[in-house]
Trainee: 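Just dropping this structure here.
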Number of protein chains: 2
Amino acid sequence: MPRKHSAADAPLRLDNQICFAVYSAAHAFNRVYKPLLDRLGLTYPQYLVMLVLWERDDVPVKDIGEKLFLDSGTLTPLLKRLEAAHLVKRTRSSEDERQVLIALTPQGHALKDKARAVPQSILAASDCSVSELVAMKDEIVGLRDRLNAVIGE
Amino acid sequence: MPRKHSAADAPLRLDNQICFAVYSAAHAFNRVYKPLLDRLGLTYPQYLVMLVLWERDDVPVKDIGEKLFLDSGTLTPLLKRLEAAHLVKRTRSSEDERQVLIALTPQGHALKDKARAVPQSILAASDCSVSELVAMKDEIVGLRDRLNAVIGE
DNA sequence: TCACATTTAATTGTTCGCAATTGAATGTGC
DNA sequence: GCACATTCAATTGCGAACAATTAAATGTGA
């Protein structure tokens, strides 16, 4: 009896991969964010950096990297672009000259108000209750943290 | 009574963003996959293309793009790298000269056997039952599809 | 103090991801 | 048959993402 798919192949089928679900969902989010963030003059990773800075200002690059799981190879050019857009200022710490402190400019602070409209639009696009989203978020964060724990071995 | 965070800021807090959960989980997956895929000589997006081709061979670029939600700007150079690695062959369709058909080489087919070890390792790294992962995957796919539906408006 | 390791950011090179454009092939309406 | 739009891949340019390396500043132990 001929079969189209072998049962042994199930683990390799695209639709069975949770990683692809996550991967493609991340891209879908990016595409929904794009038109919203265009109005703010930000890309999605730049928006994440601004979220960090709106919570706490004047932090070293390393702190931003730890919160976003990104390294200096990604952040240095990104922060330079944010500086070129007059949203942040980069200054060497006087206590520790190795560190570069990232501070918001007045324009960077001001952008926060314009950004408040973004989460609402995303919520609408996800067509989902807040409690469902929170539950999902917690599950995904749990998975992420377990994966990250494996990496640091 | 002074507060560190205003309640009005809650929607902008990084840890409340499901998009960041998804974004950072995708990167965590990528980092777990990296050492496994290095042995196959593949990057993660290349692995996804190979998953598609292992299911069905000799398909136009467009079909791969629709399955992976990627366009020719991403796929053309990626497929050229897979061709340079002798894993696929790219040929213009004779019925429709606009299409480029992607077919696996013998080496491309053979790589499937080596790839079977990958999903097991990922499952172990996720430290989670299969049924939990399947449930999560379905939820995330549902969210992704709702987001994609909004984009096509 | 001085050799040594550690920390931190910057740099370089490769690979994605996508918008926008190009150009060739195909389909269509007249 | 012929103008026209559509489809498809390729190309270009920009912004991530990350590995690997570099270089400067700092910390540590003898």
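Throughout, protein chains are lettered first and strands after them, A, B, ... in sequence-line order, and every chain is numbered starting at 1.
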Trainee: Go through residues 78-87 of chain A and report each residue with a non-hydrogen atom lying under 4.0 Å from DNA chain D, sorted by number.
Mentor: Leu78(A), Arg81(A)
Trainee: Checking the side chain of Ser72(B) only, and the main-chain atoms of Leu75(B) only, is there a donor and an acceptor separated by less than 3.5 Å?
Mentor: no
Trainee: Given 3.5 Å as the limit, does a donor-acceptor pair link the side chain of Ser93(A) with the main chain of Gln99(A), or not?
Mentor: no
Trainee: Can you get from Val141(A) to Met136(A) by hopping between Ile, Leu, Val, Met, Phe, Trp and Tyr side chains that sit under 4.5 Å apart?
Mentor: no
Trainee: Indicate yes or no: at least one non-hydrogen side-chain atom of Asn148(A) is less than 4.5 angstrom from one of Ile151(A).
Mentor: yes
Trainee: For Val49(B) and Leu78(B), which heavy atoms make the closest approach, and how far apart are they?
Mentor: CG2-CD2, 3.8 Å
Trainee: Indicate, with yes or no, if Val52(A) and Leu101(A) share a hydrophobic cluster defined by side-chain heavy-atom contacts under 4.5 Å among Ile, Leu, Val, Met, Phe, Trp and Tyr.
Mentor: no
Trainee: Just report the end-to-end axis angle for the helix from dT1(C)-dA30(D) to dC30(C)-dG1(D), five pairs per end, to 10 degrees.
Mentor: 10°
Trainee: Between Leu75(B) (CG) and dA10(D) (P), how many Å, whole number?
Mentor: 10 Å
Trainee: Using the six-membered ring wherever Trp is involved, compare the ring planes of Tyr33(B) and Phe29(B) and label them parallel, tilted or perpendicular (cut-offs 30° and 60°).
Mentor: tilted
Trainee: Within this structure, what is the CD-to-C1' distance between Glu97(B) and dA9(D), rounded to whole angstrom?
Mentor: 12 Å
Trainee: Which nucleotide span of DNA chain C, 5' end to 3' end, has atoms closer than 4.0 Å to non-hydrogen atoms of chain B?
Mentor: dT15(C) to dT26(C)
Trainee: Under 4.0 Å between a Lys/Arg side-chain N and an Asp/Glu carboxylate O for Asp38(A) and Lys34(A)?
Mentor: yes
Trainee: Among residues 40-47 of chain A, which ones have heavy-atom contacts with DNA chain D below 4.0 Å?
Mentor: Thr43(A), Pro45(A), Gln46(A)
Trainee: Heavy atoms within less than 4.0 Å of DNA chain C: which residues of residues 22-35 of chain B have one? Give them sorted by number.
Mentor: none
Trainee: May I ask you to list the residues of residues 60-68 of chain B, by number, that have any heavy atom positioned under 4.0 Å from an atom of DNA chain C?
Mentor: none
Trainee: Give a yes or no on whether Leu14(A) and Leu143(B) share a hydrophobic cluster (residues Ile, Leu, Val, Met, Phe, Trp, Tyr; joining criterion: side-chain heavy atoms under 4.5 Å apart).
Mentor: yes
Trainee: Between Tyr47(A) and Leu42(A), which heavy-atom pair has the shortest distance, and what is it?
Mentor: CA-CD1, 4.1 Å
Trainee: Side chain of Asp96(A) only, please: which of dT26(D), dC18(D), dA9(D) is the nearest?
Mentor: dT26(D)
Trainee: I'd like to know if the side chain of Arg92(B) reaches the main chain of Arg98(B), judged simply by a donor and an acceptor atom lying under 3.5 Å from each other, with no hydrogens or angles considered.
Mentor: yes
Trainee: Please figure out whether Ser93(A) or Thr74(A) has its closest DNA chain D nucleotide nearer the 5' end.
Mentor: Thr74(A)
Trainee: Ignoring hydrogens and geometry, is there a side-chain-to-backbone donor-acceptor pair from Lys137(A) to Asp15(B) under 3.5 Å?
Mentor: yes
Trainee: Less than 4.0 angstrom from a charged side-chain N to a carboxylate O is my criterion; do Lys67(B) and Asp63(B) meet it?
Mentor: no
Trainee: dT26(D) C1' sits how many Å from Glu95(A) CD, rounded?
Mentor: 13 Å
Trainee: Compare side-chain N and O positions of Thr76(B) against OP1 and OP2 of dA10(D) and report whether any pair is under 4.0 Å apart.
Mentor: yes
Trainee: Can Val100(B) and Thr91(B) be said to form a side chain to side chain contact (heavy atoms under 4.5 Å, CB included), step by step?
Mentor: CA-CA 5 Å; Val100(B) 168; Thr91(B) 48; over 6 Å; no
Trainee: Between Thr76(A) (side chain) and Gly73(A) (backbone), is there a donor-acceptor pair under 3.5 Å?
Mentor: no
Trainee: Between Arg146(B) and Ser126(A) (side chain of the first, backbone of the second, donor and acceptor by atom type, cut-off under 3.5 Å), is there such a pair?
Mentor: yes
Trainee: Check for a donor-acceptor pair, side chain of Gln46(A) on one end and backbone N or O of Leu82(A) on the other, with a separation under 3.5 Å.
Mentor: no
Trainee: Give the rounded distance in Å between these two atoms: CZ of Arg98(B) and C1' of dC8(D).
Mentor: 6 Å
Trainee: With distance as the sole test, does Asn16(B) use its side chain to make a donor-acceptor pair with the main-chain N or O of Pro11(B) at under 3.5 Å?
Mentor: no
Trainee: Taking CZ from Arg92(B) and P from dA9(D), how many angstroms apart are they, rounded to a whole number?
Mentor: 8 Å
Trainee: Apply ring-ring contact (aromatic ring centres under 6.0 Å, His included) to the pair Tyr23(A) and Phe69(B), showing each step before the final yes or no.
Mentor: CA-CA 10 Å; Tyr23(A) 170 91; Phe69(B) 306 97; 9.3 Å; no
Trainee: Whole angstrom is fine here: how far is it from CG in Leu70(A) over to P in dA19(D)?
Mentor: 12 Å
